[in-house]
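First the structure, in the form of structure tokens, and then the observations on it.
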Amino acid sequence: MHSKKEIDEIIRLLEADYPDELCSLEYVKDYELLFATRLAAQCTDERVNQVTPAFYAAYPTLQSLAEADVADVEKYIHSCGFYHTKARDIVSAAQMLISDFGGRVPGTMEELLKLPGVGRKTANIILGDVYRKPAVVVDTHCIRLSNRIGLVNFEDPYKIELALRDILPPDKSNDFCHRLVLHGRAVCPARKPKCEICSIRGYCDYGKTH
DNA sequence: ATCCCGAGGG
DNA sequence: CCCTCTGGAT
């Protein structure tokens, strides 16, 4: 169990470690972030960034994506994995954005969750990064690090989202989740975490015992 | 064999 | 809760 003072210190240390470049997905338009996030499911951001330039060049508008042939979209995103589902989701989400949301990415959780292939994680990315609303993004890194640190002791993503919403200051939760991702990649991966160089080791249940 | 900024369905 | 969807890197 961590005190509020300890939580604040963890936030501060991670801010110092990762001052900027919080979002590692490259995008220009809002819907590009939405679809890049969909592509990032069980795939590295690095690989997503590798395929999106050619993909968005081939389909430069939301309308062109809505009219796209799913099999052709699959060719561009194939290396990201789950390409049948992802291609279908992207094309039908593009259609729904046009038909139901005036061609704009909506700014509420309820509306975002109506889009095919958009779950709470993707929705929170949009709420946080596009609309600058309080958002808790729970992905594989957030699950692993918040458990190792000892902020939570369960794996269910929605339960973690609710727990972190209570623990973290609303105006800092989104950036904090981004930094957990960066820290997860650089210092605290699933295998062989580098506790010896970790800035928050003293506040981490796992780090204190390893 | 395990992991990567998950979502949907049973 | 479980399972499936998938390629690429380690």
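Any value given below was found using the heavy atoms of this structure, including those in side chains, with hydrogens, waters and symmetry copies removed.
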* Between C1' of C:dT6 and CG of A:L39, the distance in whole Å -> 13 Å

* Asked: Does A:Y83 place a side-chain N or O at less than 4.0 Å from the phosphate oxygens OP1/OP2 of C:dG7?
  -> yes

* Asked: In whole Å, what separates the P atom of C:dC1 from that of B:dC5?
  -> 23 Å

* Structure fact -> Assert: residue with more 5' nearest nucleotide on DNA chain C, out of A:D156 and A:C43, is A:D156

* Asked: Tell me the ring-ring contact (aromatic ring centres under 6.0 Å, His included) pairs involving residues 81-128 of chain A, sequence neighbours left out?
  -> A:H78-A:Y83

* When the distance from CZ of A:R185 to P of B:dC4 is rounded to whole Å, what number comes out? -> 11 Å

* To do: Could you check whether A:I125 gets within reach of a base, just the sugar-phosphate, or nothing at all, counting any heavy atom under 4.0 Å?
  => base

* Structure fact -> Judged by nearest nucleotide, the residue sitting upstream toward the 5' end of DNA chain B, A:P116 or A:C23, is A:C23

* Asked: Does A:R38 make a side-chain N or O approach to OP1 or OP2 of B:dG6 shorter than 4.0 Å?
  -> no

* **5'-most by nearest nucleotide on DNA chain B - A:A123 or A:R144** => A:R144

* To do: Assign A:V118 to base, sugar-phosphate, or nothing according to its heavy-atom contacts below 4.0 angstrom with the strands shown.
  => sugar-phosphate

* **Carboxylate-amine/guanidinium proximity below 4.0 Å for A:E9 and A:R12** => yes

* Between P of C:dT6 and CD1 of A:I77, the distance in whole Å -> 10 Å

* Asked: Which part of the nucleic acid, if any, lies within contact of A:P189, taking any heavy atom under 4.0 Å across all strands shown: a base, the sugar-phosphate backbone alone, or nothing?
  -> nothing

* To do: For A:R88 and B:dG9, give me the distance from atom CZ to atom C1', rounded to whole Å.
  => 12 Å

* Taking the six-membered ring for Trp, are the ring centroids of A:H183 and A:Y18 within less than 6.0 Å of each other? -> yes

* Using the closest heavy atom to pick a nucleotide of DNA chain C for each, name whichever of A:A41 or A:R191 lands nearer the 5' end. => A:A41

* In whole angstrom, what separates A:K86's NZ from B:dG8's P? -> 13 Å

* To do: Check every strand shown and say whether A:L182 touches a base, only sugar-phosphate, or nothing at a heavy-atom separation below 4.0 Å.
  => nothing

* Asked: Nearest-Å distance, NE2 (A:H141) to C1' (B:dG6)?
  -> 12 Å

* Asked: Would you call A:D72 and A:K75 a salt bridge, using N to O less than 4.0 angstrom?
  -> yes

* Salt bridge A:K86-A:E74, side-chain N to carboxylate O under 4.0 Å -> no

* What nucleic acid atoms does A:F82 come within less than 4.0 Å of, heavy atoms only: base, sugar-phosphate, or nothing? -> base

* Lys/Arg-Asp/Glu bridge criterion (N-O < 4.0 Å) met for A:K121, A:D139 -> no

* Structure fact -> From OH of A:Y158 across to C1' of B:dG8 the rounded distance in Å is 17 Å

* Determine the contact category for A:G81: base if any of its heavy atoms lies under 4.0 Å from a base atom, sugar-phosphate if only primed atoms, P, OP1 or OP2 are that close, otherwise nothing. => base

* Proximity to the side chain of A:T140 - top-ranked nucleotide from C:dA9, B:dC4, B:dC5 -> B:dC4

* To do: Describe the nucleic acid contact of A:R179 in one word from base, sugar-phosphate, nothing, applying a heavy-atom distance below 4.0 Å.
  => nothing

* To do: Would you indicate what A:H178 reaches in the nucleic acid, counting non-hydrogen atoms under 4.0 angstrom: base, sugar-phosphate, or nothing?
  => base

* **Euclidean distance, atom CG of residue A:L14 to atom C1' of B:dC5 [Å, nearest integer]** => 16 Å

* To do: Name the nucleic acid region contacted by A:S24, choosing base, sugar-phosphate or nothing; use a 4.0 angstrom heavy-atom cut-off, strictly under.
  => base

